[in-house]
J.: 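Once you've had a glance at the structure underneath, I'll fire off some questions.
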Amino acid sequence: QVQLAESGGGLVQPGGSLRLSCAASGNISMIYFMGWYRQAPGKQRELVSSMTSDGITDYAYSVQGRFTISRDNAKHTMYLQMDGLKPEDTAVYYCKAQRVWIRSSQGVVRAPEFDYWGQGAQVTVSS
């Protein structure tokens with residue numbers, strides 16, 4: 001079963017930095033799309049940044065120039081380096097994997113779900 005686990009959240013002062021990690025597990029062969037999303041209290045979940053397996057990246061306008069996404073495809077791990085954090089970055093950050101291929105007794109097949117989500121990591125930016 002495919003699972004995602006985030007780590008690296010916490011409390012940081014404005015202007016500070018944090019690095020989030022998302023590790024995928026479950027006999028994974030390849031993940032095409034991985035993304036970071038966040039949800040602040042009372043707001044809808046929004047895309048922060050994403051990266052495909054061939055290196056195409058996307059960033060929300062609000063984090064451009066401050067956040068950097070990266071992946072280690074061999075380890076099925078994604079990172080989000082967050083610099084210049086602002087109070088408005090406070091949210092629960094979730095990672096998502098989409099179009100996942102897994103190893104099975106029948107060879108490499110598509111994982112049963114289209115999307116997989118992690119449990120979330122709290123990021124709080126406050127003085």
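In this chain, residues are counted from 1 in sequence order. Worth knowing before you read on, the calculation uses all heavy atoms, side chains too, and leaves out hydrogens, waters and symmetry mates. The shown structure was predicted, so the numbers you read here are calculated from the model rather than taken from an experiment.
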J.: CZ of Arg19 to CD of Gln81: how many Å apart, nearest 0.5 Å?
T.: 6.5 Å
J.: Using modelled atom types only, decide if a donor and an acceptor are shared between the side chain of Glu6 and the backbone of Cys95 within a distance under 3.5 Å.
T.: yes
J.: Can you tell me if CD on Gln1 sees more than 12 non-hydrogen neighbours from other groups inside 6.0 Å?
T.: no
J.: Could you give the distance from OG (Ser21) to CG (Leu80), rounded to the nearest 0.5 Å?
T.: 9.5 Å
J.: Once rounded to the nearest 0.5 Å, what's the spacing between atom OH of Tyr37 and atom CD of Glu46?
T.: 11.0 Å
J.: Counting distance only, does the side-chain N/O of Ser62 pair as donor-acceptor with the main-chain N or O of Ala60 below 3.5 Å?
T.: no
J.: More than 12 non-hydrogen atoms from neighbouring residues, nucleotides or ligands closer than 6.0 Å to CD on Gln44, yes or no?
T.: no
J.: Which distance, rounded to the nearest 0.5 Å, do you find between the CD1 of Ile31 and the NE2 of His76?
T.: 6.5 Å
J.: May I have the step-by-step check of side-chain contact (heavy atoms from CB on, under 4.5 Å) for Val48 and Tyr93, ending in yes or no?
T.: CA-CA 9 Å; Val48 177; Tyr93 284 70; 4.1 Å; yes
J.: Any chance you could measure Phe33, atom CZ, to Met78, atom CE, to the nearest 0.5 Å?
T.: 8.0 Å
J.: Is a side-chain N or O of Tyr116 found less than 3.5 angstrom from the main chain of Ala111, in a donor-acceptor match?
T.: no
J.: Donor-acceptor pair, Arg66 side chain versus Gly84 backbone, under 3.5 Å?
T.: yes
J.: For Thr52 and Tyr32, indicate whether the former's side chain and the latter's backbone hold a donor-acceptor pair under 3.5 Å.
T.: no
J.: Show your working on side-chain contact (heavy atoms from CB on, under 4.5 Å) between Arg38 and Val92 and close with a plain yes or no.
T.: CA-CA 5 Å; Arg38 67 186 180 187; Val92 178; over 6 Å; no
J.: Determine, for Tyr79 and Arg71, whether the Lys NZ or Arg CZ falls below 6.0 Å from the six-membered ring centre while staying within 45 degrees of the axis.
T.: no
J.: Tell me whether Arg103 contacts the main-chain N or O of Ile28 through its side chain, where contact means a donor paired with an acceptor under 3.5 Å.
T.: yes
J.: Considering all heavy atoms of both residues, which atom of Lys43 and which atom of Gln39 are nearest to each other, and what is their separation?
T.: O-NE2, 3.1 Å
J.: Between Trp36 and Phe67, does the ring centre distance come in under 6.0 Å?
T.: no
J.: Mind listing the closest non-hydrogen atom pair of Val100 and Val2 along with its distance?
T.: CG1-CG2, 4.2 Å
J.: Do any N or O atoms from the side chain of Asp58 and from the backbone of Ser50 form a donor-acceptor pair under 3.5 angstrom?
T.: no
J.: When rounded to the nearest 0.5 angstrom, what is the spacing between CG in Leu11 and CD in Gln122?
T.: 9.5 Å
J.: Side chains of Thr77 and Asp72: is there a donor and an acceptor less than 3.5 Å apart?
T.: no
J.: Do Arg45 and Tyr94 meet the cation-pi criteria used here (NZ or CZ under 6.0 Å from the six-membered ring centre, within 45° of the axis)?
T.: yes
J.: Is it true that a side-chain atom of Gln119 and a backbone atom of Ala5 form a donor plus acceptor pair closer than 3.5 Å?
T.: no
